[in-house]
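Only this structure's heavy atoms are used, side chains among them; waters, hydrogens and symmetry mates stay out. So you know, we letter chains A, B, ... as the sequences are listed, proteins then strands, and number each from 1. Computed from a predicted structure; not experimentally measured.
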Amino acid sequence: MKNPNLEIAFTHIVARKKQTLIAALGVTIGLSVYLFMNSLTSGFERFQTAETFKSTAHIKIYKDDERAKALVSSGNVETMIVNPQVVNSSKELINPEQLVNSVKKEPYITQAIMQVDFAAFYNKGTAQVKGTSNGVNIVDYNAMFNTQKYMKAGTIADLQNNKNGIILGSGIADKLGVRLGDNISVASSVGVTKNLEIVGIFELGSSMVDNGTSYVNISTAQQFLKESPFFVNTIYANTIDYNKSTEYMHSLQQLTSYKVEDWKVINADILAGATTRKMMFGSISFAILVVAAFGIYNILSSTISQKINDIAILKATGYRGSDVIQIFLTEALIMGLMGSIMGILLGSLLIYLLQHVYVGGPVGYFPIGFEIPIIAQSFVLGLLFTVLAGFFPAKKAANVDPVSIFRK
Amino acid sequence: MEERKVILESKNISKYFHEPSTFQVLKEVSFKAYEGEFLTLVGKSGSGKSTLLYCLSTMDTDYGGELYMLNEKITGQSPDQLSDLRNQSIGFIFQFHYLLPEFTCLKNVMLPALKLKKYSPKEIEERAYEKLVALDLHEQALKPASKLSGGQQQRVSIARALINDPKIILCDEPTGNLDSKNTQIVFDIFKQLSTENNQTIIAVTHDNDFAKASDRTIEMSDGKILINGKL
Ligand SMILES: Nc1ncnc2c1ncn2[C@@H]1O[C@H](COP(=O)(O)OP(=O)(O)OP(=O)(O)O)[C@@H](O)[C@H]1O
Ligand SMILES: [Mg+2]
């Protein structure tokens with residue numbers, strides 16, 4: 001071996017196998033928990049995001065409610081409205097085709113569709129369910145949300161071919177006790193009632209969507225709202241990167257005076273929950289890693305007090321303070337490296353085991369996976385912590401005064 | 001008489017201890033040591049011999065006065081400079097043979113040379129083995145240092161002090177743990193080092209015969225030099 005410092009470090013490590021192993025095991029446990037917990041939050045977050053995008057677009061454009069102005073001036077008369085309320089104006093987007101086209105021209109937009117949403121009452125006999133019906137071009141809609149994948153009965157093509165067809169959420173069908181091919185009566189809030197044939201039933205796995213949402217053709221929806229064939233109240237768009245949706249939202253807002261919202265605004269409460277969970281798990285696993293680092297610190301400190309004669313000898317024979325630091329940092333690094341490698345293996349085993357746990361429902365198998373960035377991050381963090389934990393005892397060793405040792 | 005080369009010079013070295021109460025251990029100690037000289041340091045217990053030796057070894061830098069070695073002022077140099085100086089030019093033999101217990105005798109002897117890197121590890125091993133042979137220790141070469149007797153450990157530490165061919169060898173009672181036979185071996189080696197290799201040896205000793213046989217003896221009393229000359 002070229003470098004005597006490394007040789008000394010290895011000799012110490014080999015001579016103290018048990019302590020080395022204990023220190024390494026501390027890191028192993030800390031690191032595996034860190035890796036496992038962070039993979040857990042990340043897997044769950046990804047699952048939740050995927051779940052969200054089954055029914056939510058990255059970007060939504062609609063006409064927001066307007067409040068009456070509190071001060072109205074006509075000529076020289078100023079009228080003050082004491083209790084300004086929402087103005088009951090139409091939700092119509094003027095010239096939606098042009099808006100959709102200009103949205104589509106943005107380089108970061110992958111898809112954009114027009115939609116007519118309305119509040120719907122689904123009736124069968126005396127049973128009634130409230131919900132939202134979406135008037136869509138089902139082919140475009142399917143391209144965006146992959147609806148066909150979630151069809152329990154019927155196909156999306158059946159809706160396109162049938163102006164009086166409707167695709168129901170499975171929850172609605174269950175509550176009304178209807179099946180594919182049955183007719184139900186649907187009423188809108190402006191008093192239009194139609195008899196529609198159930199041409200499909202879908203199930204996303206989200207009860208909020210499955211228990212209230214249905215799809216009809218866009219022209220059918222316009223009739224329900226007593227609106228013209230040009231009426232559109234919402235535009236949905238997907239982007240190349242949903243993580244950058246906020247940026248895109250601000251950019252799109254330049255194009256129109258209508259309200260532009262991204263999925264983060266729409267799902268703010270879910271995201272806040274996810275952030276809280278992430279921070280909680282993150283800090284717990286971080287704390288465990290810190291405890292593991294203290295193990296290294298302890299063991300190295302005791303090695304140094306036991307090896308204080310050796311340190312004095314080395315310094316007397318010409319080894320510098322920096323050599324002593326290198327010796328003990330190498331020992332910390334070996335412990336850290338061993339512990340980190342075992343930690344990655346143990347953490348991976350935990351992930352592997354959990355991957356094969358069937359949760360059931362829409363979740364299926366536990367949403368956790370091997371994520372290289374998290375593994376790399378754990379590894380680097382594990383090494384960083386051990387080196388840091390090793391540095392302070394090593395520094396202390398470097399400052400040992402050999403004369404005081406030889407006098408004893 | 002021809003002009004001899006000064007290898008080490010102490011100029012008015014003083015040292016104080018402050019615990020438990022302030023007192024002066026070394027009182028303006030001045031002397032010169034020449035190239036190839038075998039010098040012994042004697043004196044009553046507590047007279048300050050070890051303390052002086054630690055100052056000369058450059059490990060203790062907390063003293064007044066000045067220290068010169070190989071025509072260079074040592075006092076005030078940085079810790080790293082002093083480390084390098086010790087590694088290359090000073091061999092130190094301790095009162096209690098300090099070896100690294102987990103290493104073999106051979107490795108213990110090699111360590112200062114592995115730091116100096118003047119020779120390849122292979123050559124260093126050969127040279128270390130030669131030193132062990134000279135001290136009649138070659139049979140112990142591959143034993144861990146902790147498995148040796150006190151006298152054997154003492155001789156290993158002598159071999160270690162010699163490995164880098166230092167100009168100055170400092171010893172604190174190098175024969176304290178040795179029987180008369182081994183004391184004689186060590187004495188002969190020191191004599192040989194000073195006469196044949198021109199190395200300077202400064203050895204603290206309580207052994208009067210040992211001191212008498214050396215080139216010159218400095219006797220200390222109460223932190224001062226009492227006698228400086230051939231016994
Ligand atoms: N760390 C210290 N703090 C305070 N006083 C000390 C310290 N080390 C040594 N002394 C004192 O300094 C004096 C000189 O000690 P030193 O070890 O140099 O003596 P010595 O001549 O080597 O004695 P010996 O022959 O017994 O080894 C002694 O009185 C001792 O008690
Ligand atoms: Mg002494």
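- Note on A:Ser404, A:Ala15, A:Ala316: by heavy-atom pairs under 4.5 Å with chain B, the leading option is A:Ala316.
- Using a 4.5 Å cut-off between heavy atoms, A:Asp323 touches chain B through its side chain atoms alone.
- Considering only heavy atoms from C-beta on, B:Leu100 comes within 4.5 Å of A:Ile313 through its side chain.
- Around the CD atom of A:Gln377, the shell of radius 6.0 Å holds more than 12 heavy atoms that belong to other residues, nucleotides or ligands.
- Below 4.5 Å, heavy atoms of chain B meet heavy atoms from A:Lys307, A:Asn309, A:Asp310, all part of residues 285-312 of chain A.
- Considering all non-hydrogen atoms of both residues, B:Ser83 and A:Tyr319 come closest at OG-O, 3.7 Å.
- Heavy-atom contacts from other residues, nucleotides or ligands closer than 6.0 Å to OH of A:Tyr352 number 12 or fewer.
- Atom NZ of B:Lys27 sits in a crowded spot, with more than 12 heavy atoms from other residues, nucleotides or ligands closer than 6.0 Å.
- Looking at B:Thr51, the atoms closer than 4.5 Å to chain A (heavy atoms on both sides) sit in the backbone and in the side chain alike.
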| side chain to side chain contact (heavy atoms under 4.5 Å, CB included) assessment of A:His12 paired with B:Glu102 | CA-CA 8 Å; A:His12 282 171; B:Glu102 290 116 351; 3.7 Å; yes
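- Looking at A:Thr317 and B:Phe92, their side chains never come closer than 4.5 Å, going by heavy atoms from C-beta outward.
- To the nearest 0.5 Å, atoms NZ (B:Lys115) and CZ (A:Arg320) are separated by 6.0 Å.
- Proximity to chain B involves both the backbone and the side chain of A:Ile8, based on heavy atoms less than 4.5 angstrom apart.
- No more than 12 heavy atoms of other residues, nucleotides or ligands sit less than 6.0 Å from atom NZ of A:Lys278.
- Summarising the geometry of A:Pro4 relative to B:Leu111, their closest heavy-atom pair is CB-CD2, 4.4 Å, with the distance given to 0.1 Å.
- If you tally non-hydrogen atom pairs under 4.5 Å between each of B:Thr58, B:Asp84, B:Asp60 and chain A, the highest count goes to B:Asp84.
- Scanning both residues, B:Met59 and A:Asp401, for their nearest heavy atoms gives O-OD1, 4.3 Å.
- Taking B:Ser221 as the reference, B:Leu226 meet the side chain to side chain contact (heavy atoms under 4.5 Å, CB included) condition, with sequence neighbours excluded.
- With a 4.5 angstrom heavy-atom cutoff, B:Tyr54 touches chain A only via side-chain atoms.
- Within 6.0 Å of NZ in A:Lys395 there are 12 or fewer heavy atoms belonging to other residues, nucleotides or ligands.
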